[in-house]
K.L.:
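Before we start, here is the structure in question, set down as structure tokens.
All ligand and atom numbering here is 1-based and tracks the order in the structure.
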Amino acid sequence: MATYPEHRLRRLRKNTAIRKLVRETSLSVNDFIYPIFVTHGKNVRDSIESMPGINRLSIDTVSAEVQEAHSLGIQAVLLFGIPEKKDALGSDSFNSKGIIQSAIKAIRQHTPDILIITDVCMCEYTDHGHCGITENGLVNNDKTLETLGEISISHVKAGADIVAPSAMMDGQVGAIRSSLDKNGFVGTPIMAYSAKYASGFYGPFRDAAMSAPSFGDRETYQLDTANIRQALDEIRLDVAESADIIMIKPALAYLDVISAARDEFRLPIASYNVSGEYSMIKAASQNGWIDEKRITLEILTSIKRAGADMIITYYAKEAATWLKTNN
Ligand code: PBG
């Protein structure tokens, strides 16, 4: 490449048209997955204090929310359930009449074409708040695998299109794949939360789902925030176990992991722009300190630029609206 003064990079920044022509990364509503919290009760739209704009919705109000998202062009939702009763085994998670199973049916009736992805985990359903079955204060990996398989089957039977295991148990993708296949669901993809870090950014989510662990923490199963080689090993194992989509979570503090995964793996990559990342922008913009629209679109673009194909974001509806008027 020639150097200055023959070569001048500003030539390609001269006006909007030329900048659009050379833009390397594009953001579209097709990239977004909208996470939704479903709760028990009737006619509930319960706002979550640490996540302005996001509500816990009961089964009768969730359909309208999904319909609105779909009408904005959003193709997929990710469902989390908050059951009426939590217990040691997280029984509501695999109950055919459980909160998520009922929500899937209601959504399917009103918005048949939306892609329904379900979070497969136990922490929202267990009274101790851990992501698996506990014994003597420890999460038992292999016992949890059986339950994760059961949960997945119950979601797919209710009508889920994709299951997304987020418990960070070893072997969870393989166990779920074989449970699904044995039950005839060979066509159901698994979106694996492959590289899920033990992150402080999940704080507002745990308020929302009331799923903070009642003892200990999640560091015996979620990744150490300082590690990237282990993250790539987690992804490699999930690929070997037939994951269809791999996920890196959270997004912003882990853009290097997204980029390294993009270089090494061919599967589609999802990235979860998590609750704490959402709340930080909301808080700063409500104080008038930052330009919410500009910063959100910049952040979402950066996640794509790092190598993600799709983004799970609480900003999905707002970003979809902004993108309609932006170009
Ligand atoms: C369930 C789960 C969590 C999130 C997604 N799935 C919470 C956790 O691991 O504590 C967090 C998502 C967010 O912060 O937006 N295991």
Side-chain angles (χ1 to χ4, degrees), residues 32-38 48-56 76-83 86 90 92-93 99-100 117-126 128-134 139 141 144-145 147-148 151-152 155 160 162-169 172-173 176 190-225 234 245-254 270-283 296 299-300 303 310-316:
F32 301 149
I33 298 170
Y34 183 43
I36 295 181
F37 298 99
V38 189
I48 301 159
E49 203 182 339
S50 53
M51 299 179 73
I54 304 293
N55 302 293
R56 299 184 197 93
V77 290
L78 172 61
L79 302 184
F80 295 95
I82 306 154
K86 306 193 184 215
D92 197 77
S93 63
I99 184 89
I100 278 297
I117 310 174
T118 55
D119 186 81
V120 174
C121 195
M122 296 178 65
C123 61
E124 297 114 60
Y125 301 89
T126 50
H128 46 71
H130 276 288
C131 302
I133 293 172
T134 52
V139 176
N141 192 89
T144 302
L145 295 184
T147 308
L148 295 176
I151 298 173
S152 304
H155 289 180
I162 300 181
V163 290
S166 72
M168 284 302 279
M169 294 298 121
Q172 63 181 11
V173 172
I176 291 171
I190 298 176
M191 174 188 275
Y193 284 75
S194 304
K196 177 175 177 184
Y197 284 90
S199 168
F201 285 101
Y202 309 149
F205 176 99
R206 292 180 190 172
D207 297 342
M210 294 163 266
S211 63
S214 61
F215 63 87
D217 52 41
R218 302 213 204 290
E219 301 204 357
T220 66
Y221 39 103
Q222 298 182 347
L223 278 163
D224 184 326
T225 58
E234 288 280 1
I245 298 169
I246 52 180
M247 194 201 298
I248 289 138
K249 173 187 173 190
L252 287 186
Y254 302 90
S271 181
Y272 200 144
N273 181 218
V274 300
S275 57
E277 300 176 318
Y278 172 83
S279 303
M280 288 194 303
I281 310 177
K282 278 287 170 195
T296 303
I299 283 176
L300 294 172
I303 299 170
M310 59 197 99
I311 308 170
I312 301 161
T313 177
Y314 300 96
Y315 266 110

K.L.:
Using every non-hydrogen atom in the two residues, find where Asp92 and Pro83 come nearest and quote the distance to one decimal.
P.N.:
OD2-CB, 3.5 Å

K.L.:
Output the list of atoms in ligand 1 that are nearer than 4.0 Å to some heavy atom of Glu124, sorted by atom number.
P.N.:
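The atoms of ligand 1 under 4.0 Å from a heavy atom of Glu124 are 1 (C).
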
K.L.:
Can you label the angle between the Tyr272 ring and the Phe80 ring as parallel, tilted or perpendicular, going by 30° and 60°?
P.N.:
tilted

K.L.:
Quick check on Tyr278 - does any of its heavy atoms sit under 4.0 Å from an atom of ligand 1?
P.N.:
no

K.L.:
Please confirm whether the backbone N or O of Tyr197 pairs with a side-chain atom of Ser199, one donor and one acceptor, at under 3.5 Å?
P.N.:
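Not confirmed, Ser199 side chain does not pair with Tyr197 backbone.
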
K.L.:
Within the side chain of Thr126, is there an N or O that forms a donor-acceptor pair under 3.5 Å with the backbone of Gly90?
P.N.:
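A pair under 3.5 Å: no.
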
K.L.:
How about Ile190 and Pro165: do any of their side-chain heavy atoms sit closer than 4.5 Å?
P.N.:
yes

K.L.:
Taking only heavy atoms of Arg218, which atoms of ligand 1 are found under 4.0 Å from at least one of them?
P.N.:
8 (C), 9 (O), 10 (O)

K.L.:
Heavy-atom contacts with Phe80 under 4.0 Å: which atoms of ligand 1 show up? List them by number with element.
P.N.:
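Counting from 1, the qualifying ligand atoms are 5 (C), 6 (N).
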
K.L.:
Please test Met168 against Glu234 for side-chain contact (heavy atoms from CB on, under 4.5 Å), starting from the C-alpha separation and ending with a verdict.
P.N.:
CA-CA 9 Å; Met168 284 302 279; Glu234 288 280 1; 3.8 Å; yes

K.L.:
Any idea which protein heavy atom is nearest atom 14 (O) of ligand 1, and the distance to it?
P.N.:
Ser275 OG, 2.7 Å

K.L.:
Side chain or backbone of Cys123 under 4.0 Å from ligand 1, or both, or neither, by non-hydrogen atoms?
P.N.:
side chain

K.L.:
Between CD1 of Ile100 and NE2 of His155, what distance do you get to the nearest 0.5 Å?
P.N.:
5.5 Å

K.L.:
Does any N or O atom in Lys196 lie less than 3.5 angstrom from one in ligand 1, N or O only?
P.N.:
yes

K.L.:
Is Lys249 close enough to touch ligand 1? Criterion: a residue heavy atom under 4.0 Å from a ligand atom.
P.N.:
yes

K.L.:
Which residue and non-hydrogen atom of the protein lie closest to atom 15 (O) of ligand 1, and at what distance in Å?
P.N.:
Tyr314 OH, 2.6 Å

K.L.:
What's the shortest heavy-atom distance between Ile281 and Glu277, and which atoms?
P.N.:
CG1-O, 3.3 Å

K.L.:
Looking at Phe37 versus Phe205, is the centre-to-centre ring distance below 6.0 Å?
P.N.:
yes

K.L.:
Applying a 4.0 Å heavy-atom criterion (strictly less than), which segment of Cys121 is in contact with ligand 1: side chain, backbone, both, or neither?
P.N.:
side chain

K.L.:
Could you tell me, atom by atom, which parts of ligand 1 come under 4.0 Å of a heavy atom of Tyr272?
P.N.:
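In order of number, 12 (C), 15 (O).
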
K.L.:
For atom 12 (C) of ligand 1, what's the nearest protein heavy atom and its distance?
P.N.:
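Heavy-atom neighbour on the protein nearest atom 12 (C) of ligand 1: Phe205 CD1, 3.3 Å.
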
K.L.:
Measure the distances from the heavy atoms of Met168 to every atom of ligand 1 and state whether one is below 4.0 angstrom.
P.N.:
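No heavy atom of Met168 comes that close to ligand 1.
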
